[in-house]
Amino acid sequence: MLYKILPRDSYQSFVENLIRNFDFIGPKRKDKATHEFTKITSFGELDLSYKKTTIPPAKQILFPSTEEIVEYRREDNSIEFRPVVEHSLKLLFGVHSCDINAINFLDKVFSTDFSDDNYLSKRRNMVIIGTDCEPRETCFCLAMGKEYVTAGFDLFLSELTNRYFVRVATSQGNKLIEKYASGISSAGEKDFKEYNEKIGDFRKKFKLSPDAKSFYDNFDLIYNDEEFWKKVAKNCFSCGSCCLVCPTCFCFNVRDEIELNLKEGKRIREWDSCMIPEYGLVAGGHNFRPTKENRLKQRYQCKLKTFVDKFNTYACVGCGRCIETCLANISIASDIDSVRKEVTV
Amino acid sequence: MKEKESKKTIYVPDIAKITRIEEVTPTEKLFNIVFEEPKKQEEFSFKPGQFVELTVFGVGEAPFSITSNPNNKEYFQLCIRNIGNVSGALHRMKEGSKVGIRGPFGNGYFPYEKMKNHNVLIIAGGLGLAPLMSLIRYILDSRDDYKEIMIIYGAVNPASILYKEDIGEWCKRDDIRVCLTVDNPDDKWTGEIGVCTNLIPRVDFPPEDTKVVVCGPPVMYKYVVQELEKKEFAPEDVYLSLERRMECGVGKCNHCHIGNKLSCVDGPVFSLWEIKNLKEAI
Amino acid sequence: MSGKPKVGIFGFTGCGGCQLEILDAEDKLVDLASAVDIVHFTEAITEHSDDYEIALVEGSISTNHDVERIKKIGSIAKIIVAIGACACTGGLNCLKNLYGVEKAKELVYGDKKDWIDAIETRPIDEYVKVDYYARGCPPNRFEILQIVKALILGKKPEIPNYPVCVECKRLGNTCVYDLGMTCMGPIARAGCEARCPSNGSGCEACRGVIDEPNVNAQKDLLAERGLTVEDIMEQFNLYNACKKLV
Amino acid sequence: MANTFSINVESVSRVEGHGDLVLDVKNKKIEKLQFRIPESPRFFEAMLVGRNWDEASHITSRICGICSVAHTSASVKATEKALGIQVSEQTIKLRKLVYHHENIQSNALHVYFLAAPDFFGVGSVFPLIETNPEIVNIALRVKKMANDMVRIIGGRAVHPIRIVVGGFTKLPTTKEMEDMRNMLISAYPDLEKTLEVLKTVRIPEFERETEYISLANDYEYALYEGNIKSTDGWEINDQDYLSKINEKVVQHSTGKHCWASRDSYMVGALSRFNNNYDKLSDNAKKYASELGLKAPSYNPFMNNIAQFVEIVHCVDDSIRLIDELLEEGLDEDKKMADIKIREGRGVGVVEAPRGLLIHDYTYDNDGKISKANLIIPTNQNYANIERDMEALVPTVIEKSEDEIRLACEMLIRAYDPCISCSTHFLNVKLTNKE
Ligand SMILES: Cc1cc2nc3c(=O)[nH]c(=O)nc-3n(C[C@H](O)[C@H](O)[C@H](O)COP(=O)(O)OP(=O)(O)OC[C@H]3O[C@@H](n4cnc5c(N)ncnc54)[C@H](O)[C@@H]3O)c2cc1C
Ligand code: SF4
Ligand code: SF4
Ligand code: SF4
């Protein structure tokens with residue numbers, strides 16, 4: 001990691017250079033309620049004061065909601081299958097720490113056991129520039145240990161008085177800043193001091209602090225407590241919104257689409273969610289998770305236990321998207337704590 | 001930029017041909033399959049308990065266990081029940097038709113090496129016999145490596161009994177014990193009646209010298225395991241094949257997870273010990 | 001199904017929009033015409049025949065004459081696909097039932113009401129066995145085509161049984177609740193590509209509801225936004241008055 | 001040809017809806033002639049009672065899938081009038097634009113898909129795929145263009161979503177507006193080719209002068225707004241439609257019959273053409289004259305030609321509207337008007353593709369409808385269709401039964417009766433009584 005200083009005056013021209021030279025994706029206001037990550041064509045469109053986007057920025061590009069993965073053709077009795085892989089260079093600007101941590105998680109998922117080229121080829125061609133954020137009501141990344149990110153980006157910009165503290169994590173990032181920004185210098189003692197203070201202050205701003213560790217420890221104890229899970233899942237719509245907006249969720253369905261001529265077809269994967277009843281349904285009609293209680297429990301287990309055992313990390317970065325999106329007011333943060341309360345009572 | 005690459009991804013099947021179809025019951029057929037590319041066919045090797053993902057053009061893809069003997073290099077065989085889209089389409093296909101194959105998949109298989117020099121107890125329910133056939137055929141090839149072999153097989157009714165010929169052959173041999181049972185007998189049935197679990201108490205293999213393998217419908221496992229535990233078989237010596245919904249077969253789609261395991265890459269065969277603490281496993 | 005399947009397209013009480021939706025698949029019409037034999041399609045074809053395997057049926061059953069016709073179709077077709085809200089749930093036409101058939105006749109036709117043949121509106125599955133449902137008002141033409149393709153291939157069409165929220169999220173929409181509106185999306189059946197929320201208005205459940213809707217949670221949700229019990233019932237009833245929901 | 005016969009056309013095809021024609025002729029004299037609608041009445045006027053102000057347009061859109069933009073527009077206009085809502089200029093322009101596109105779509109569907117097979121002597125558009133692929137491709141392109149444009153502005157081609165009381169729920173983007181402009185420009189070659197084909201088509205020579213009623217205003221070819229005007233010399237404010245237009249229930253039909261100055265009148269493209277010829281774009285006027293259509297025209301078969309001329313006008317005028325909207329820039333703040341609930345009555349009148357469409361609602365204090373009246377184009381044309389038929393049959397009475405049946409069906413189709421609006425469609429069964 002290199003630590004550099006970008007003067008405030010050079011900031012705009014740096015960003016403008018990037019907009020000119022890259023397929024630049026950044027946060028932009030969408031409507032009165034939300035922002036979205038989309039193609040940016042001028043500096044003015046970029047709105048870094050965004051709090052959170054409905055759909056996580058990287059997920060929508062690296063693992064889009066529907067994606068063609070194979071195409072096929074039939075001619076008489078011959079069949080041909082061909083891979084479809086996309087990999088154009090894209091620059092993602094303004095990503096927050098939690099979301100970069102989520103990318104790091106997905107990187108692991110898609111490269112473990114088998115390499116998923118549909119994801120990885122896009123990932124290899126993605127430049128990521130992170131920026132600071134302000135926590136909001138539903139954020140609990142601090143509690144998940146994801147409020148700070150140390151890898152998975154090329155550059156990370158933190159605003160200090162009159163200047164930006166830039167963490168340079170890759171040589172590609174270094175080239176970018178060398179080439180497109182002027183007045184770059186190395187960070188000095190004063191800069192580090194102010195930066196550390198800033199991060200320290202940032203960490204004090206969180207309102208939610210669920211104790212995920214205790215969930216992990218107590219989960220087995222409460223696993224069979226049907227009353228508890230019924231209570232937690234009472235209003236769940238089984239709509240899967242929580243998973244679909246989650247930056248670390250990656251479950252997908254595969255389906256085939258064929259043209260009316262019955263000659264050409266494609267295989268598509270699309271986002272699925274473990275909250276949807278059909279998720280655990282197999283041919284013959286057996287459903288491994290028939291009730292919403294089963295499913296919610298599964299989701300929490302996957303987020304807070306499975307991947308701790310598997311990758312030594314939570315599959316939740318505490319971004320709070322699921323809490324905000326849930327129309328049934330179900331909150332992973334409060335449920336983490338209610339597991340503990342329930343067990344200690 | 002969408003590239004049509006020549007480099008294959010994990011989602012691209014190889015083309016294979018159905019060389020033979022045999023109807024074994026009103027709902028099950030056997031399919032012999034050979035890869036179109038001879039080199040691929042040569043290289044294709046698998047272990048008992050592994051499965052392939054099979055594509056029917058335009059319809060979709062589904063996982064099926066390989067039932068043939070791993071020593072058989074000429075073709076591999078699947079036993080498929082007509083139950084849905086892909087399986088239904090397969091049942092309408094003719095010999096010579098082409099399908100797509102990915103695999104073999106599954107890292108957990110029936111550990112035939114560990115079974116050597118032990119008694120082997122095989123418990124199959126319904127279609128569960130299909131994946132076990134691969135194991136049975138394989139160990140029968142080197143029968144001398146194993147001690148006693150006992151096969152317990154339960155079917156719904158006499159008509160749905162799979163592999164009748166093979167079973168007939170086994171019955172003739174004196175080095176295998178075969179116990180057949182059906183839930184719903186017909187007039188001609190003279191054998192055992194009831195679920196296969198009922199037969200486990202009769203097993204007289206010493207637990208410390210026996211390996212057990214189990215495959216059957218989801219409901220079967222709980223009861224079989226209870227019976228096996230009564231017999232004090234060590235959980236490490238009991239192997240079960242756990243099937244779940246699979247969309248990819250390669251550990252990405254996450255549909256087949258059982259706690260922190262994925263049936264497709266960590267299984268589908270697990271030891272009872274491995275899943276002892278896995279919620280929802282059985 | 002071997003060879004080209006023979007398809008009949010039939011209209012009952014409705015707005016004709018579903019048949020139009022099929023004609024609106026302009027890019028695919030030529031392919032459609034070569035993939036199946038359309039033997040009956042009153043909106044577009046003069047010739048008609050009573051020899052068909054697949055019947056695509058639009059509209060609800062609202063007269064005694066409708067009842068006879070749908071029963072005849074039921075006796076000929078091997079597969080019946082209900083197309084559109086009217087055929088699937090009775091659709092909007094069922095609002096008339098709430099009003100009362102006799103009262104409605106009187107209001108619209110006055111003292112001439114006895115000239116009119118009208119019965120309580122019903123979805124077609126109350127008279128014939130329906131194999132598949134292409135829901136929606138109007139239905140999604142791509143879904144209709146998908147069903148036709150699946151039937152040609154002999155496969156079971158995949159028709160979503162999850163709520164509209166799923167599609168809405170896949171599209172990255174802002175939830176209309178965040179924009180101050182209400183929406184039936186959490187219990188409404190998807191398959192429309194979340195058309196209403198994508199266009200800035202709440203879903204009205206024109207495709208009916210999923211198999212296991214959390215109706216109580218939906219009531220809580222609407223009540224939280226200040227809706228009265230009657231408002232909530234009206235939302236439920238717009239397209240689903242014939243199907244007892246609550 | 002027999003002097004005495006009976007034609008009973010059951011389900012006249014290729015009209016949107018269902019209708020029957022019963023024709024008994026004895027000794028070359030018409031004994032009985034009825035154009036009837038056996039479909040189930042839909043009772044929209046009853047369904048509307050008690051519904052909320054923001055639901056009316058969603059409900060009435062379902063009167064007809066083919067002209068759902070027209071019903072939606074008439075409905076929101078009636079509600080806006082009743083509640084005293086002032087929508088923005090931008091909203092009106094966008095509504096006029098989407099209105100044009102529905103008119104193109106519906107007229108194209110009718111001209112190319114429903115009437116064209118008659119011109120080519122086939123039973124549907126499907127045989128034309130083989131014999132006249134070029135015209136089929138043009139038809140598909142024009143219709144797709146119009147549908148795509150309705151989708152862009154309305155959110156959906158059938159039952160638009162974005163058009164609501166007070167304005168729009170979502171605006172098209174500048175890029176989409178530009179795309180639409182390009183789509184329109186690229187339609188000209190197809191229109192040109194259609195013109196050449198239509199020139200070769202023989203339109204039956206038949207005339208019967210009647211009353212032609214449509215909207216009219218002094219600034220444009222009126223489709224979305226205006227006074228109600230008659231060729232019989234009167235013009236009234238749209239709110240006063242009841243002072244001229246009368247409705248009655250007739251026994252053989254669930255669609256009510258209408259009359260104004262005489263016992264029947266015509267609405268639709270030909271009426272609009274007769275009343276508003278001056279306001280057509282120059283290009284549309286040129287097309288009209290090349291096709292031999294002059295105002296006033298008394299040949300109902302020319303309605304198809306008038307529809308095509310309107311397509312040309314709508315394409316031209318859409319480009320003008322898009323240019324204006326692009327120039328002004330689309331403004332999110334003008335998307336929705338302020339809405340306050342109050343009691344009141346409002347009438348919304350538009351020109352549906354098939355003619356004058358009237359929605360009349362009365363609201364109570366809570367913004368719920370207490371009374372609704374709907375007058376639909378096809379209902380207005382019924383009586384006139386019967387009068388035309390009475391005049392047409394004697395002119396073809398010497399021909400074969402098949403030809404007589406075809407002439408009758410073609411006449412009905414020329415009206416483009418959207419019978420689903422009110423109800424059903426046409427059945428012609430022909431039995432010789434001798
Ligand atoms: C490891 C494994 C081995 C199997 N071996 C055999 C076998 O040897 N013989 C046999 O007849 N069947 C076997 N099955 C079950 C078989 O995969 C299902 O019956 C099959 O998916 C049905 O597919 P379909 O398209 O016909 O049914 P549909 O119900 O139309 O299924 C559509 C999709 O759902 C998923 N799905 C549905 N049911 C299952 C299921 N039970 N397991 C996994 N995915 C499912 C698949 O992704 C499939 O593509 C096996 C399943 C697994 C997981
Ligand atoms: S928890 Fe909330 S968002 Fe998730 S499925 Fe249930 S209702 Fe939907
Ligand atoms: S589980 Fe919820 S809080 Fe955690 S990463 Fe996913 S969306 Fe964010
Ligand atoms: S807008 Fe409606 S469908 Fe979409 S997420 Fe919100 S509630 Fe669900």
Side-chain angles (χ1 to χ4, degrees), chain A residues 29-38 53-57 59-60 64-66 233-246 249 252-253 255-263 265 270-273 275-279 281 283 290-292 321-322 324-330, chain C residues 25 27-36 142 145-146 148-150 152-153 155-156 158 160-188 190 193 200 209-222 224-225:
Chain A
R29 182 160 280 286
K30 184 180 182 193
D31 46 47
K32 67 177 189 225
T34 46
H35 284 75
E36 64 178 340
F37 270 74
T38 182
T53 54
T54 309
I55 303 298
K59 177 166 153 177
Q60 69 179 26
S65 58
T66 51
K234 177 171 162 278
N235 265 8
C236 176
F237 287 107
S238 301
C239 71
S241 293
C242 44
C243 303
L244 301 167
V245 301
C246 175
C249 276
F252 61 84
N253 272 329
R255 64 187 163 83
D256 282 24
E257 252 178 34
I258 186 164
E259 290 295 320
L260 262 170
N261 63 19
L262 305 185
K263 288 200 156 89
E270 66 186 6
W271 292 351
D272 195 9
S273 156
M275 303 300 286
I276 298 172
E278 272 72 11
Y279 186 89
L281 184 70
T291 67
K292 54 186 194 295
R321 282 189 179 85
C322 55
E324 282 192 18
T325 206
C326 181
L327 290 167
N329 297 328
I330 296 173
Chain C
D27 296 344
K28 309 283 176 196
L29 275 187
V30 174
D31 281 345
L32 180 68
S34 62
V36 297
F142 300 115
L145 290 178
Q146 195 216 318
V148 171
K149 279 186 282 193
I152 298 173
L153 287 166
K155 100 183 199 189
K156 211 173 135 228
E158 289 161 39
N161 177 30
Y162 45 71
V164 176
C165 297
V166 174
E167 288 179 333
C168 207
K169 289 289 162 355
R170 284 188 189 142
L171 289 164
N173 290 337
T174 307
C175 179
V176 303
Y177 279 98
D178 291 340
L179 298 170
M181 289 174 247
T182 59
C183 182
M184 293 287 278
I187 61 164
E193 292 155 24
V209 297
I210 51 171
D211 284 347
E212 291 172 45
N214 194 336
V215 174
N216 288 332
Q218 180 71 11
K219 282 185 185 161
D220 286 355
L221 177 62
L222 294 174
E224 239 173 67
R225 319 278 148 158

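Lettering follows sequence order; numbering is per chain, from 1.
- Of the listed residues Asp31(A), Leu262(A), Thr66(A), Asn261(A), the one with more heavy-atom pairs under 4.5 angstrom with chain C than any other is Asp31(A).
- In this structure, CD1 on Ile187(C) lies 12.0 Å from CG on Leu327(A), to the nearest 0.5 angstrom.
- Proximity to chain A (any heavy atom under 4.5 Å) is shown, for Lys156(C), by neither the backbone nor the side chain.
- Most heavy-atom pairs under 4.5 Å with chain C, from the set Ile55(A), Thr53(A), Asp272(A): that is Ile55(A).
- Under 3.5 Å, the side chains of Thr325(A) and Lys169(C) contain a donor-acceptor pair of N or O atoms.
- No other option in Lys30(A), Glu257(A), Glu324(A) has as many heavy-atom pairs under 4.5 Å with chain C as Lys30(A).
- In this structure, the side chain of Asp220(C) does not engage the main chain of Ala328(A) through any donor-acceptor pair within 3.5 Å.
- Residues Glu270(A) and Arg170(C) are paired through a salt bridge, judged by an N-O separation under 4.0 Å between the basic side chain and the carboxylate.
- The two residues Glu224(C) and Asn329(A) have their closest heavy-atom pair at OE2-ND2, 3.4 Å.
- The closest side-chain heavy-atom distance from Asn173(C) to Thr54(A) is not below 4.5 Å.
- With respect to chain A, the highest number of heavy-atom pairs below 4.5 Å among Asn216(C), Val166(C), Leu153(C), Asp31(C) belongs to Val166(C).
- Both the backbone and the side chain of Asn161(C) come within contact range of chain A, judged by heavy atoms closer than 4.5 Å.
- Residue contact with chain C, scored on non-hydrogen atoms closer than 4.5 Å, involves the backbone and the side chain of Ile258(A) alike.
- In plain terms, the two heavy atoms of Ala33(A) and Thr174(C) that are nearest each other are CB-CG2, 4.0 Å.
- A distance of 7.0 Å separates CG in Asp211(C) from CD in Glu278(A), rounded to the nearest 0.5 Å.
- Proximity to chain A is limited to the side chain of Leu221(C), based on heavy atoms less than 4.5 angstrom apart.
- Contacts of Ser34(C) with chain A are absent, with no heavy-atom separation under 4.5 Å from either backbone or side chain.
- Looking only at heavy-atom pairs under 4.5 Å with chain A, the residue among Pro163(C), Cys175(C), Ala150(C) that has the most is Pro163(C).
- What you find for Lys28(C) and Leu260(A) is that their closest heavy atoms are O-CD1, 3.7 Å.
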